Asker: 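Below is a structure I'd like to ask you about.
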There are 2 protein chains.
Amino acid sequence: MSRIALVDDDRNILTSVAMTLEAEGFEVETYNDGQSAFEAFSRRMPDMAVLDIKMPRMDGMDLLQRMRQKTSIPVIFLTSKDDEIDEVLGLRMGADDYVKKPFSQRLLVERIRALLRRQEAINTGEAAATEETRMMERGALRMDPLRHSVTWKGKEVALTVTEFLLLQALAQRPGFVKSRDQLMDVAYDDQVYVDDRTIDSHIKRLRKKMRSVDDTFSAIETLYGIGYRYNEE
Amino acid sequence: MSRIALVDDDRNILTSVAMTLEAEGFEVETYNDGQSAFEAFSRRMPDMAVLDIKMPRMDGMDLLQRMRQKTSIPVIFLTSKDDEIDEVLGLRMGADDYVKKPFSQRLLVERIRALLRRQEAINTGEAAATEETRMMERGALRMDPLRHSVTWKGKEVALTVTEFLLLQALAQRPGFVKSRDQLMDVAYDDQVYVDDRTIDSHIKRLRKKMRSVDDTFSAIETLYGIGYRYNEE
DNA sequence: CCCTTAAAATTGCTGCTGCCTTATTGTTTT
DNA sequence: AAAACAATAAGGCAGCAGCAATTTTAAGGG
């Protein structure tokens, strides 16, 4: 069974997440800071590591950098601020995934499983089908529901949860209209009513973000009186 | 079966809520503005009314005021801004309840049912036990989960959902400590992790709001290293 | 083709949340 | 006691969501 190292300065995260992971059948070791984790790793390397970015003594970035000189085990970052995410994504510093705080433990477990599966596939020489199958590609749009990451015309676009859900619903069937009501159903729990114009607001912000990548083509079209439609170019 | 009048300028609310209420077995009539509702009411009065505050031609406040000259049927206001709520509460203008937008239809149905029950009890001369049974009283604190309203030392205090849940959990057992973990369980879905300090933040804001009513006594006590405790005076 | 009206886009604002930083308070050690 | 350490409080900030107000765009009727 896989041994997972958990490094975070918040003891509450450590114990709580550790319990969850152990319940899921993983073997877990926990560390309060990068320094002590690093020392332990030099004695015995875990199968994968979950690191908080911000920590006393040695932060997640430093730790990863030093780890990478010795090993290539999968690493997941825990991040709280958006600029930290940018750093993880932008610098391509060797992290395999990241999870934004506050996070659901269910999600973290999913990610861990996904990475371990991929690792397994690599080790046995299989094609890593997991990532490919979950990706959604529609024209120049690539969405990864698991990682919650979106690429538009090759560039990473940071979407909020609501924006992501709406875009996903629209892109699911390019060329078909979706009414605001249908879009609400996707983005909200049943029974919760929000204003029609609120959907418009989210579409507005979506368009703005996509426009910042390419302002010559608008993928989300308005059907006057009906709703919205996603078009491939 | 009860006839309910629904008055709102947003057609989406009208149709959506009307459908729900009809599915719940109510007889529903809808109006786009206060003026037409008023005219209809003068012909035949419904058993109860749900009014949007802000409307063209005649707004909910005006409508209610005119209605009150003829009838005392239960009225629920739909409000979106906090100052509107203050108005409803502060002016005591004869509304029986209010629901904040965005609202869940389930909640609205609950409120309607509650008011109709109370009305029924009044008509038949029974004691209206509904409100009393659902109220929670702990010392100078009164909490009404259904209305989501809180009174501290006689004064209305506006709490957010999270604050309400935390205070409710604490006040449930005066004199007993609750750890941050326990409080998290109350306020958050299972599996979602938030920082310990975030609980502190909510407690901070709770205290601040309660302090603005009375700054000589603090009902929420800190147990160093343990958690928080609610004390009756 | 212009005018009217309805729908949608945009801008801007507010409330809630979560976390960070700094200051304070409480606890333990010496 | 005083110092060292840990936990908490206070203030403040940024992201997100939802809505309102205003402007712009589209549709339909003369």
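Computed from a predicted structure; not experimentally measured. Numbered from 1 within each chain, the chains take letters A, B, ... in sequence-line order.
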Asker: Calculate the interatomic distance between A/Leu166 atom CG and D/dG18 atom C1'; express it in whole Å.
Answerer: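 One finds 13 Å between C1' of D/dG18 and CG of A/Leu166, rounded.
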
Asker: Should A/Tyr188 be listed as having a side-chain N or O under 4.0 Å from OP1 or OP2 of D/dG18?
Answerer: yes

Asker: Check each residue of residues 210-229 of chain B for a non-hydrogen atom within less than 4.0 Å of any atom in DNA chain C, then write out the ones that pass by number, or none.
Answerer: B/Tyr224

Asker: Find the distance A/Arg180:CZ to C/dA9:C1' and express it as a whole number of Å.
Answerer: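 The distance from CZ of A/Arg180 to C1' of C/dA9 comes to 10 Å, rounded to the nearest Å.
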
Asker: Give a yes or no on whether a salt bridge exists between B/Lys101 and B/Asp8, defined as a side-chain N under 4.0 angstrom from a carboxylate O.
Answerer: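 Salt bridge flag = yes for B/Asp8 with B/Lys101.
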
Asker: Please tell me if A/Thr160 has a side-chain N or O lying less than 4.0 Å from either OP1 or OP2 of D/dG15.
Answerer: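 Answer no for this pair, as no side-chain N or O of A/Thr160 is under 4.0 Å from OP1 or OP2.
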
Asker: Side-chain N or O of A/Arg197 less than 4.0 angstrom from OP1 or OP2 on C/dA9?
Answerer: no

Asker: Looking at A/Phe176, does the NZ or CZ of A/Arg229 lie under 6.0 angstrom from its six-membered ring centre and within 45 degrees of the ring axis?
Answerer: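 Judged by the rule, A/Arg229 and A/Phe176 form no cation-pi pair.
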
Asker: Taking only the side-chain nitrogens and oxygens of A/Thr198, find out if one of them lies under 4.0 Å from OP1 or OP2 of D/dC19.
Answerer: yes

Asker: Looking at the side chain of B/Thr162, which of D/dA17, C/dT17, C/dC19 is the nearest nucleotide?
Answerer: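 In terms of side-chain proximity for B/Thr162, the closest of D/dA17, C/dT17, C/dC19 is C/dT17.
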
Asker: If the threshold is 4.0 Å, N to carboxylate O, is there a salt bridge linking A/Asp10 and B/Arg197?
Answerer: no

Asker: Checking side-chain polar atoms at under 3.5 Å, does B/Tyr31 have a donor or acceptor matched by the opposite partner on B/Asp9?
Answerer: no

Asker: Just the rounded figure in Å: distance from P of D/dA7 to CG of B/Asp196.
Answerer: 10 Å

Asker: Test your reading of the model: is there a side-chain donor-acceptor pair from A/Arg138 to the backbone of A/Ala171, 3.5 Å cut-off?
Answerer: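 Present.
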
Asker: Rounded to the nearest angstrom, tell me the gap between atom CG in B/Asp9 and atom C1' in D/dC19.
Answerer: 12 Å

Asker: Distance check needed: D/dC19 C1' versus B/Leu78 CG, whole Å only.
Answerer: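 Rounded to whole Å, this separation is 14 Å.
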
Asker: Side chains of A/Asp181 and A/Ser179: is there a donor and an acceptor less than 3.5 Å apart?
Answerer: no

Asker: Over how many whole Å does the gap from A/Leu159 atom CG to D/dC16 atom P extend?
Answerer: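 Atom-to-atom, A/Leu159 to D/dC16, this comes out as 10 Å.
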
Asker: Contact list please: residues 200-208 of chain B against DNA chain C, heavy atoms, distance less than 4.0 Å, in numerical order.
Answerer: B/Ser201, B/His202, B/Arg205

Asker: Just wondering, are more than 12 heavy atoms of other shown residues or ligands nearer than 6.0 Å to CZ in B/Arg173?
Answerer: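 No, the 6.0 Å shell around CZ holds no more than 12 heavy atoms from other groups.
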
Asker: So, B/Lys155 and B/Asp214, do they make that salt bridge, N to O below 4.0 Å?
Answerer: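 No, no charged N to carboxylate O under 4.0 Å.
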
Asker: Between atom CG in A/Asp33 and atom P in D/dA6, what is the gap in whole Å?
Answerer: 12 Å

Asker: Is A/Val186 close to A/Gln168 at the side-chain level, that is, under 4.5 Å between some pair of heavy atoms?
Answerer: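 No, too far: nothing below the 4.5 Å cut-off.
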
Asker: What's the CG-C1' distance between B/Asp8 and D/dC19, to the nearest Å?
Answerer: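 Distance check: B/Asp8 CG to D/dC19 C1' gives 13 Å.
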
